[in-house]
Amino acid sequence: MEKSYASASSGELGVVAGGGGRSVRVIPLRHPQEAVAGSSPSWWSVVMVKARGMGPRDWAEAALPCLSWMRTYRLKEDLQADLAAGITVGVMLVPQAMSYAKLAGLHPIYGLYTGFVPLFVYAIFGSSRQLAVGPVALVSLLVSNVLGGIVDSSSELYTELAILLAFMVGVLECLMGLLRLGWLIRFISHSVISGFTTASAIVIGLSQIKYFLGYSVTRSSKIIPLIESIIGGIDQVGFAVSVRSAYRLFIFPFKFFYAQCMFQCNPILQESVGIAKALAAKNGYELDPNKELFGLGIANICGSFFSSYPATGSFSRSAVNHESGAKTGLSGIIMGIIIGGALLFMTPLFTDIPQCALAAIVISAVTSLVDYEEAIFLWSIDKKDFFLWAITFITTLIFGIEIGVLVGVGFSLAFVIHESANPHIGQKAVLGRLPGTTVYRNRLQYPEAYTYNGIVVVRIDAPIYFANISYIKDRLREYELNLPNSNRGPDVGRVYFVILEMSPVTYIDSSAVQALKDLYQEYRDRHIQIAIANPNRQVHLLLSRSGIIDMIGTGWCFVRVHDAVQVCLQKVQSSSSSSIKLSPQASGDLADSVTTPKVQQRYSFLKNLWKSQVGDGCTGSEVQPLLRQNLV
């Protein structure tokens with residue numbers, strides 16, 4: 001992280017004489033090579049230093065994250081909270097697991113398998129202490145949608161492929177964790193997730209209606225075939241079927257509905273890593289997304305050997321686990337024990353559970369995923385995010401969940417690329433000086449900020465690279481055609497200095513370097529001087545190595561925008577006064593100088609400005625005072 005300082009001691013100030021006028025004090029901009037000792041080390045050196053500093057205990061905790069909470073476990077304080085949370089979520093998981101297995105097109109027993117072994121494995125290898133792992137609604141829908149197009153759900157091959165899918169998902173998650181690819185999940189914005197989950201919740205709810213209607217409905221992740229199938233079979237619904245379904249629903253054991261209604265708390269499906277990070281922040285410990293991915297991968301791989309389909313973190317159960325006071329991963333082990341007890345002793349009781357009861361559990365779980373309030377909120381604050389929500393929602397409903405996610409992520413990346421290729425520059429990024437300060441801010445945000453005639457200060461709010469350098473050049477050229485409204489300094493009639501405020505610029509590539517050289521030559525031909533203010537160390541070093549600093553002149557690189565403005569203003573004032581004094585000598589009549597056309601005054605100002613630079617010994621000698629350490 002770069003460090004900047006608002007002021008400097010008198011010993012750090014340089015003096016610039018402005019053509020015989022008053023001296024201007026500036027903070028000299030140090031060459032980046034002078035700060036090599038404080039440069040950022042490479043990622044490899046950081047890894048090596050960290051590895052050398054790790055002891056045996058650190059290596060053990062890196063391999064088995066459970067050791068970090070086992071080492072500090074407080075038996076009296078933590079055991080009671082973990083027991084209460086584990087039992088609560090375990091009771092909640094039993095009916096949910098069977099319901100989600102039916103949603104995935106599997107026998108309900110496989111939902112209990114998915115909520116058994118992965119819980120124990122994740123408690124050992126997972127880094128989150130409150131995340132509840134197991135089957136979830138949207139993953140079940142994804143499994144059904146992917147495998148339903150390959151093989152019939154009633155066949156044995158369908159179950160085998162679902163188990164194989166868990167193994168493949170686990171391997172992929174482990175690879176992402178080992179290769180430190182956790183940053184990839186950042187490309188899915190919250191608006192895309194919200195639109196996707198809202199549409200998926202509607203599809204899931206419609207797919208479960210068949211258990212109440214009593215006739216078969218087409219298995220699909222698209223809303224149009226589902227609605228057509230429901231409407232097409234409506235004549236098959238009889239009064240006896242409806243009464244029988246309702247009766248079987250209400251005679252379902254009350255304890256399961258009590259647990260479902262008691263502990264279900266507005267589930268919002270998000271990326272499991274995001275849930276784990278949020279819980280870690282609330283409980284005061286750090287979580288590495290890459291380790292979290294590895295832990296989920298190991299849980300899925302091990303679970304696949306015990307007949308489980310893909311599992312991930314559940315937002316609803318994790319929230320209940322956190323609110324119930326879970327302190328460590330022991331709560332997950334207790335959940336697994338409850339599921340194991342259900343598998344051993346309670347499976348005969350589950351044989352008479354009506355399918356409409358399981359469907360009711362699914363519908364009650366996904367109704368809270370319909371996040372229409374998010375759409376209203378996005379419409380009120382950001383139409384672009386609302387568009388992402390809407391396009392993801394519509395495409396997921398009409399074309400299916402895979403197309404919906406791809407379209408949502410694609411539009412998100414398109415917006416990112418557009419914002420990067422069209423950075424905040426132009427009239428919206430012209431800076432002015434706040435009255436009574438040396439601070440320069442956006443004139444649209446602070447209308448009272450004033451500028452100086454002949455000087456334009458522009459802030460580039462993005463990295464400069466091949467995709468946006470043409471846009472930046474076009475916006476800078478506009479200043480020659482559309483003069484910003486300036487209200488201070490002598491009226492010189494055009495722009496002679498362009499100051500680039502580069503503190504937001506974090507990166508610049510070779511294409512941008514060449515384009516900046518071309519821009520400098522164009523400006524030089526039109527007698528416009530570029531100045532650079534406050535580049536960070538990496539950008540300054542690259543500009544120096546590419547020769548741009550020598551081309552522009554080291555004296556035209558400044559620490560502060562105020563220093564650059566003061567030096568440019570001194571040039572404008574001295575050259576403007578010189579042109580007025582020299583005009584009578586050239587014509588022999590003072591009156592002629594007063595009535596000289598404005599074009600001639602501009603030419604005299606320009607001529608004297610560049611003569612003063614040449615007379616000082618061209619660029620290098622002129623800017624030398626900027627780098628001297630004179631006391632003032």
Side-chain angles (χ1 to χ4, degrees), residues 99-106 136-155 158 161-162 165 188-189 191-238 241-242 245 267-269 355-356 358-376 378-379 385-412 414:
S99 303
Y100 293 155
K102 287 294 295 180
L103 177 61
L106 299 167
V136 296
L138 284 189
V139 171
S140 301
L141 178 64
L142 285 169
V143 171
S144 173
N145 185 67
V146 171
L147 300 182
I150 301 175
V151 65
D152 184 68
S153 60
S154 60
S155 66
Y158 184 94
L161 290 177
L165 183 61
I188 304 179
S189 65
S191 54
V192 171
I193 293 176
S194 178
F196 169 71
T197 54
T198 300
S200 299
I202 295 174
V203 171
I204 291 172
L206 290 176
S207 67
Q208 299 300 299
I209 290 181
K210 63 182 180 181
Y211 296 110
F212 298 95
L213 299 178
Y215 60 86
S216 179
V217 174
T218 300
R219 179 183 295 271
S220 176
S221 63
K222 304 174 184 178
I223 191 171
I224 294 178
L226 281 173
I227 293 178
E228 290 178 347
S229 179
I230 292 172
I231 295 176
I234 198 69
D235 56 343
Q236 302 178 27
V237 180
V241 173
S242 301
S245 296
I268 300 175
L269 182 66
Q355 293 188 2
C356 60
L358 298 178
I361 294 175
V362 173
I363 293 175
S364 66
V366 300
T367 50
S368 297
L369 292 176
V370 181
D371 197 7
Y372 65 90
E373 294 180 353
E374 179 70 14
I376 299 174
L378 293 175
W379 174 262
D385 283 341
F386 173 79
F387 173 78
L388 283 176
W389 187 96
I391 194 68
T392 306
F393 173 76
I394 294 171
T395 52
T396 301
L397 281 180
I398 297 177
F399 300 105
I401 53 181
E402 300 97 337
I403 302 298
V405 171
L406 289 176
V407 170
V409 173
F411 272 94
S412 297

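Under the side-chain hydrogen bond (donor to acceptor under 3.5 Å, both in side chains) criterion, S155 pairs with no residue, sequence neighbours left out. Qualifying side chain to side chain contact (heavy atoms under 4.5 Å, CB included) partners for L406, counting only residues two or more places apart in sequence or in other chains: none. Annotation: side-chain hydrogen bond (donor to acceptor under 3.5 Å, both in side chains) contacts of T396 (sequence neighbours excluded): none. Residues that satisfy the ring pair (Phe, Tyr, Trp, His ring centres under 6.0 Å) test with F387, not counting sequence neighbours, are F411. Taking the side chain to side chain contact (heavy atoms under 4.5 Å, CB included) definition, one finds that I227 meets it with L206, I223, I231, sequence neighbours left out.
Here the closest heavy-atom approach between residue A162 and residue V143 is recorded as CB-CG1, 4.3 Å. The shortest non-hydrogen separation linking V192 to V409 is CG1-N, 4.3 Å. The minimum heavy-atom distance linking T392 with G195 is given by the pair CG2-C, 4.2 Å.
Atom-to-atom distance recorded for L103:CG and L142:CG is 9.5 Å, nearest 0.5 angstrom. A distance of 15.0 Å separates CZ in F393 from CG in L388, rounded to the nearest 0.5 Å. One finds the CH2 atom of W389 at 11.5 Å from the OH atom of Y372 (value rounded to the nearest 0.5 Å).
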Quiz: residues 198-205 side-chain donor-acceptor pairs under 3.5 angstrom, not counting sequence neighbours:
| residue | atom | partner | partner atom | Å |
| --- | --- | --- | --- | --- |
| T198 | OG1 | S194 | O | 2.8 |
| T198 | OG1 | D371 | N | 3.1 |
| S200 | OG | F196 | O | 2.8 |

